[in-house]
Amino acid sequence: MSENGSWYIRKIKPEEEEAFINFLSAWVSDVPVADRYRWLYQGNPHGKAVIWLAVDEKTEEIAACTAIFPKRLRIN
């Protein structure tokens with residue numbers, strides 16, 4: 001994190017997949033993180049997840065994340 005702690009929020013960039021998996025690996029230890037990422041975030045049968053990151057303003061290091069997972073609904 002930068003000295004003044006400045007960060008901002010943005011969507012993940014395509015080239016950040018490996019950094020995101022490494023970030024998740026720091027706190028997810030009960031499943032193979034890369035496999036879960038590919039299945040849940042990329043290959044979800046309902047559609048690809050939209051991932052948002054809080055990143056350090058100077059270093060672009062990931063500080064936090066959230067994701068929106070689509071759900072197909074059947075009405076009627």
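Computed from heavy atoms alone, side chains included, the values below leave out hydrogens, waters and symmetry copies.
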* Side-chain donor or acceptor of Arg72 paired with backbone N/O of Pro45 under 3.5 Å ->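 Side chain of Arg72 to backbone of Pro45, a donor-acceptor pair under 3.5 Å: yes, one is there.
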* **Partner set under side-chain contact (heavy atoms from CB on, under 4.5 Å) for Asp30, not counting sequence neighbours** => Val28
* Got a sec, which residues hit side-chain contact (heavy atoms from CB on, under 4.5 Å) with Lys48, two or more places apart in sequence or on another chain? -> Gln42
* Describe, in one word, how the ring planes of Phe20 and Phe23 are oriented to each other, choosing from parallel (under 30°), tilted (30 to 60°) and perpendicular (over 60°). => parallel
* If every non-hydrogen atom of Pro70 is compared with every non-hydrogen atom of Ala49, which pair is closest and at what distance? ->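 For Pro70 and Ala49, the tightest heavy-atom pair comes out as CD-CA, 4.2 Å.
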* With side chain to side chain contact (heavy atoms under 4.5 Å, CB included) as the test, would you mind laying out the steps for Cys65 and Ile12 before giving the verdict? => CA-CA 9 Å; Cys65 68; Ile12 193 171; over 6 Å; no
* How long is the gap from CD1 on Ile51 to NZ on Lys13, to the nearest 0.5 Å? -> 14.5 Å
* If you round to the nearest 0.5 Å, how far is CD1 of Ile62 from CG of Leu24? ->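 Those atoms lie 8.0 Å apart.
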* Salt-bridge contact Glu16-Lys11 (side-chain N to carboxylate O under 4.0 Å) ->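 Result for this pair is no, no salt bridge flagged.
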* Asked: Below 4.5 Å, heavy atoms only, C-beta onward: do Tyr37 and Ile21 meet side chain to side chain?
  ->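 Tyr37 vs Ile21: side chains touch.
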* **Derivation and outcome, side chain to side chain contact (heavy atoms under 4.5 Å, CB included), residues Val55 and Arg10** => CA-CA 8 Å; Val55 297; Arg10 63 168 169 74; 3.8 Å; yes
* **Pairs touching residues 46-76 that satisfy ring-ring contact (aromatic ring centres under 6.0 Å, His included), sequence neighbours left out** => Tyr41-Phe69
* **Pair Glu60-Tyr8, side-chain donor/acceptor within less than 3.5 Å** => yes
* CD of Glu15: more than 12 outside heavy atoms within 6.0 angstrom? ->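 Yes - once you tally the heavy atoms of other residues, nucleotides and ligands closer than 6.0 Å, there are more than 12.
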